[in-house]
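Let me begin by presenting the structure, written as structure tokens, before commenting on it.
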Amino acid sequence: AGLNAAGKAAGLEYFGSATDNPELSDSDYMAILNNSDQFGQITPGNSMKWDTIEASRGTFSFTKGDAIADLAEANGQKLRCHNLVWHNQLPSWVSSGGFDNATLVEILQNHITKEVTHYKGRCYHWDVVNEALDDDGNYRDDVFYNTIGEAYIPIAFAAAAAADPSAKLYYNDYSIEWSSTKHTNAVNIVKLIQSYGVKIDGVGMQAHFTVGQTVTQDALESAIQDFADLGVEVAITELDIRTKTPASDDTLQQQSTDYQTVVNACLAKDACIGITIWDYTDKYSWVPKTFSGYGAALPWDDNLETKPAYDGILSALGSG
Ligand code: G3I
């Protein structure tokens, strides 16, 4: 069995992967991505973000996002739509627009309503707000918070819920996978949304980890439980575990163990419904472009061969 087949047998809704438009022309890559035995869910890594969808005010272009949505449909894979509101990959007409509160609320609502309506019925999940917290766990000093205040978050969720009542709506962030100020403040974001009487269905834990420094299973389980206690589900949304490159055999074994830790924690918690890796092969990972000297973060290597991490995940899912 592949990862998705094993994941479903173990009780997950899906095991999935991110992908991106430039890679869709790589036929060897596609042969694995298209296999719904391996991946029951895909996430567009870039093409549903604000700078792609509404690069200039009021002009919407869905072509790239549609390509990923069509692919998911053709393959019978669930689609995690990513994302509606984020400080990054935000066009400068928004980030430096100098809008007053009422105007920015209108821009935010219009963007969300148009995009969610376009994909209505096709998104299993929507990452409505992404990374609202900075590395210290405070609200990020971005245009949305500075202009509207924390109310931009429930406002965004309300607009998404109105446009597609059947999509599950997620708050998505990193470094919320263990007890910390940032984790606590992510819990507070869920409470904030609920206090407005607005729907939130889930929290995405991105899970961008480093080999040998991955969260422990106990810590991850308890972090998941804090969200479950508020009545929302949890998904692991962007899992990868990077290392210094080139990676030794020992490191690849440790990486396999680290992947198993994450899978075991998710399986141990009913609230944890699915796992997505942030692309499946080192060939297309974001890591080396962002962390110089680091990479090799995914279960398939640059040549699309499986690594020990792949066998580790399968065995944690009970099929290894
Ligand atoms: O599209 C332009 C292209 O026109 C230009 O020639 C090229 C030159 O650099 O850049 C292209 O844009 C790049 C874009 O990906 C599309 O490929 C950006 O430089 C690059 O920074 C961007 O990286 C993406 C990153 O988000 C941006 O923050 C990664 O691919 C994407 O995997 C990554 O995903 C994020 C999640 O959305 C949120 N969580 C963290 C995760 C990793 O950073």
Side-chain angles (χ1 to χ4, degrees), residues 16-26 29 33 39 41-56 61-69 79-92 94-95 111 115 119 123 125-135 137 140 142-144 153 156 169-177 182-183 186 189 202-210 214-215 234-243 262 274-300 302:
S17 176
T19 187
D20 204 359
N21 299 67
E23 305 149 32
L24 306 185
S25 58
D26 177 340
Y29 169 86
L33 185 74
F39 305 114
Q41 175 274 321
I42 58 177
T43 306
N46 283 299
S47 53
M48 290 188 184
K49 293 171 178 173
W50 198 314
D51 62 349
T52 302
I53 297 289
E54 191 187 5
S56 61
S61 69
F62 295 108
T63 317
K64 286 183 176 170
D66 289 355
I68 309 285
L79 184 65
R80 289 199 85 259
C81 294
H82 172 83
N83 57 54
L84 295 167
V85 185
W86 190 24
H87 72 94
N88 200 354
Q89 291 174 289
L90 183 67
S92 59
V94 185
S95 57
H111 177 77
E115 183 166 2
Y119 290 111
C123 299
H125 296 172
W126 256 117
D127 285 333
V128 178
V129 174
N130 193 48
E131 301 173 14
L133 301 170
D134 66 18
D135 290 355
R140 214 174 264 284
D142 65 19
V143 68
F144 301 112
I153 299 173
L169 305 183
Y170 270 66
Y171 175 71
N172 191 51
D173 212 332
Y174 62 87
S175 301
I176 59 168
E177 300 89 349
K182 185 162 177 177
H183 170 82
I189 284 178
V203 171
M205 295 182 163
Q206 295 185 4
H208 293 294
F209 294 135
T210 301
T214 298
V215 61
V234 170
I236 306 294
T237 52
E238 306 185 12
L239 177 61
D240 52 23
I241 309 183
R242 61 183 174 265
T243 179
V262 176
I275 300 174
T276 305
I277 48 179
W278 203 241
D279 222 316
Y280 74 82
T281 161
D282 296 335
K283 187 174 182 182
Y284 295 120
S285 172
W286 70 291
V287 169
K289 291 172 222 152
T290 305
F291 300 98
S292 145
Y294 282 78
L298 292 163
W300 277 259
D302 282 311

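Indexing begins at 1, ligand by ligand and atom by atom, following the structure's order. The chain is numbered in sequence order, starting from 1.
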Report task. Look up atom OH in Tyr119 and atom CE in Met48, then write down how far apart they are to the nearest 0.5 Å. Result -> 4.5 Å
Query - Residues in salt bridge (charged side-chain N to carboxylate O under 4.0 Å, His left out) contact with Asp279, at least two apart in sequence or another chain - result: none
**Report entry** Per-ligand residue contacts, ligand 1, heavy-atom threshold under 4.0 Å
**Finding:** Gly45, Asn46, Lys49, His82, Trp86, Asn88, Gln89, Asn130, Glu131, Gln206, His208, Glu238, Trp278, Trp286
**Report entry** Within 45° cone of Phe291 ring axis and under 6.0 Å: Arg242 NZ or CZ
**Finding:** yes
**Report entry** Derivation and outcome, ring-ring contact (aromatic ring centres under 6.0 Å, His included), residues Trp278 and His82
**Finding:** CA-CA 12 Å; Trp278 203 241; His82 172 83; 5.3 Å; yes
Report task. Decide yes or no for Thr237 and Tyr174: does some side-chain heavy atom of the first lie under 4.5 Å from some side-chain heavy atom of the second? Result -> no
Query - Lys182 with Asp134: basic N within carboxylate O range, under 4.0 Å - result: no
